[in-house]
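Structure record follows, encoded as structure tokens.
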Amino acid sequence: MKKRLILSFFYMGLIASIIGITSTVLVYHSVLKSEMSENLKNECEIVAAGYSYLTSLDRLSVFASDILRITLIDPSGNVLFESKAEAVNMENHLRRPEITEALANGSGFDIRISDTIGIEDYYYAMKLTDGNILRVSTDARSVFAVVGRSFYLLVLIVALIIVFSVLLSVKITSKILDPVGKLYSLIENDEDIDTTSVYPELVPMIDEICAQRKAQESMRREFTANVSHELKTPLTSISGYAEMIETGIAKNEDVKIFAGKIKSEASRMLTLVSDIIKLSQLDDSETTELSDTIDLAVIANECKDELDLEARKKGVEIYVKGKGETFPGNYVQLHEMIFNLMDNAVKYNRTNGNVDVTVSGNSICIADTGIGISEENKSRIFERFFRVDKSRSRRGGGTGLGLSIVKHIAENHHAEINIESTVNVGTEITVHF
Ligand code: ADP
């Protein structure tokens, strides 16, 4: 960003200086040109004034110089005198524009590029009282000489402009970007931001970032509190049972029962910790690799095999039907997602209920004949640790994190989740990829 800004300012300076210098040279040239023609006219008038006093035409040479050429032409175009070449060898001049013009209007002017050296030649011609045409001319070497003399000055000015535009662009860029950098470090360090000292255009964005940070912070705090609470409950039971065994309060026949309770509480804790790890892994990974070829029906059948025993114990039957299209995704995550949804459909089902899993196209639908979810709880079931009936969830080994994991995985796959549910009738959750 900084480099780009500096470069744009530098180019702006460079382009502006090129335009400025080019237009100055053009204006310079045109001023010199008009001055030159004016001078030439004056010279011609002076020569014309002296012409009538000349004893011979050759005397015209006294007016000529290195830079001023004088030509005298008769009305039919023949050269009578020429200060620079042999007059007799010269072709007829009648067709020269300045001569034609002088014959018609009394005076004429023309600028031509000289054949030999590519330099502009300036001509001024005037009709004399005896009908002859007097022409004076000079070449533009003098104009170029003036520009040439200024050449080094122009190079110096361009160099100065370049140096100046580089320095200025660095300064302006830091002036623009410094407040943004400061703002970034304030946001990074979670410090208070005085919105009166930042660009007004950035205020809505800062407000949004601050609000998001606050929400994230409170979510994090709530999550930590929930985790501590959820871990404390089984730990309290474990330590209680262990104490009873240790102190001998537990009778011999109870020891086995208490050991079983300790085992089930410990396994609850393990499930909880493993769910927390899964969630934090999903939170941490910025992008999920979606490089596996996913067949939803295959995954659903795998989950059915894993859940069948548990379902049978509850008298619940799982059916998987349909065939979908394959698409790229993350196998481990999608297996976790479908397992969680089917596990819930078994857990929150009634005895002798069904779980119907239907795969079609890019979507999977898990329908159960269970307790259902009320309208008000529908929007909350994806929250971390939210459970409609805490003790029922706990009995089924639930942590309240299953659907949060599902939601996260769906987001990673840009999938949409839709829930249809009626209390005491059943729930139908569709995930569309
Ligand atoms: P849990 O570990 O408690 O199952 P989840 O995040 O998977 O946690 O689900 C959150 C809550 O949503 C559950 O406690 C339950 O109350 C409700 N729920 C989830 N799936 C279903 C379902 N198929 N039928 C009825 N209620 C459900």
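Scope of the values below: all heavy atoms of this structure, side chains included, with no hydrogens, waters or symmetry mates. Order of listing sets the numbers, starting from 1, for every ligand and every atom in it. When a residue number appears, it is its place in the shown sequence, counting from 1.
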Do other residues, nucleotides or ligands put more than 12 heavy atoms under 6.0 Å from K323 NZ?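 Open: at most 12 neighbouring heavy atoms sit under 6.0 Å from NZ of K323.
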Identify which of T369, L401, L403, N349 has a heavy atom lying nearest to atom 9 (O) of ligand 1.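 Looking at heavy atoms only, the winner is L403.
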Do ligand 1 and [X] have nitrogen or oxygen atoms that lie under 3.5 Å from each other?
X    : answer
S404 : no
V388 : yes
Y348 : yes
I371 : no

Is ligand 1 under 4.0 Å from a heavy atom in the side chain of [X], in the backbone, in both, or in neither?
X    : result
R392 : neither
F382 : neither
D368 : side chain

Identify the closest protein heavy atom to atom 12 (O) of ligand 1: which residue and atom is it, and at what distance?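 Checking every protein heavy atom, the shortest distance to atom 12 (O) of ligand 1 gives I381 CG2, 3.2 Å.
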So which of T427, T369, D368 actually passes side chain to side chain donor-acceptor pair (under 3.5 Å) with N349?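 Only match with N349 under side chain to side chain donor-acceptor pair (under 3.5 Å): T369.
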Give the C-alpha distance, both sets of side-chain angles, the deciding distance and a yes or no for salt bridge (Lys or Arg N to Asp or Glu O under 4.0 Å) between R384 and E222. CA-CA 10 Å; R384 295 175 180 192; E222 200 182 324; over 6 Å; no
[X] near ligand 1, heavy-atom distance under 4.0 Å?
X    : answer
G400 : yes
K390 : no
I373 : yes

Do R112's NZ or CZ and the ring of Y123 fall within the cation-pi criteria of under 6.0 Å and 45°?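 Output yes; distance and angle both within limits.
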Look at E217 together with R221 and state whether they make a salt bridge at an N to O cut-off of under 4.0 Å.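 Yes, charged N to carboxylate O under 4.0 Å.
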Give the ring-plane orientation class for F433 versus H413, where under 30° counts as parallel, over 60° as perpendicular and anything between as tilted.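 Geometry flag for H413 against F433: perpendicular rings.
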Show every side chain to side chain donor-acceptor pair (under 3.5 Å) that has at least one partner inside residues 301-312, sequence neighbours left out.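 Qualifying pairs, neighbours excluded: E302-Y331, K304-D308, E306-H335.
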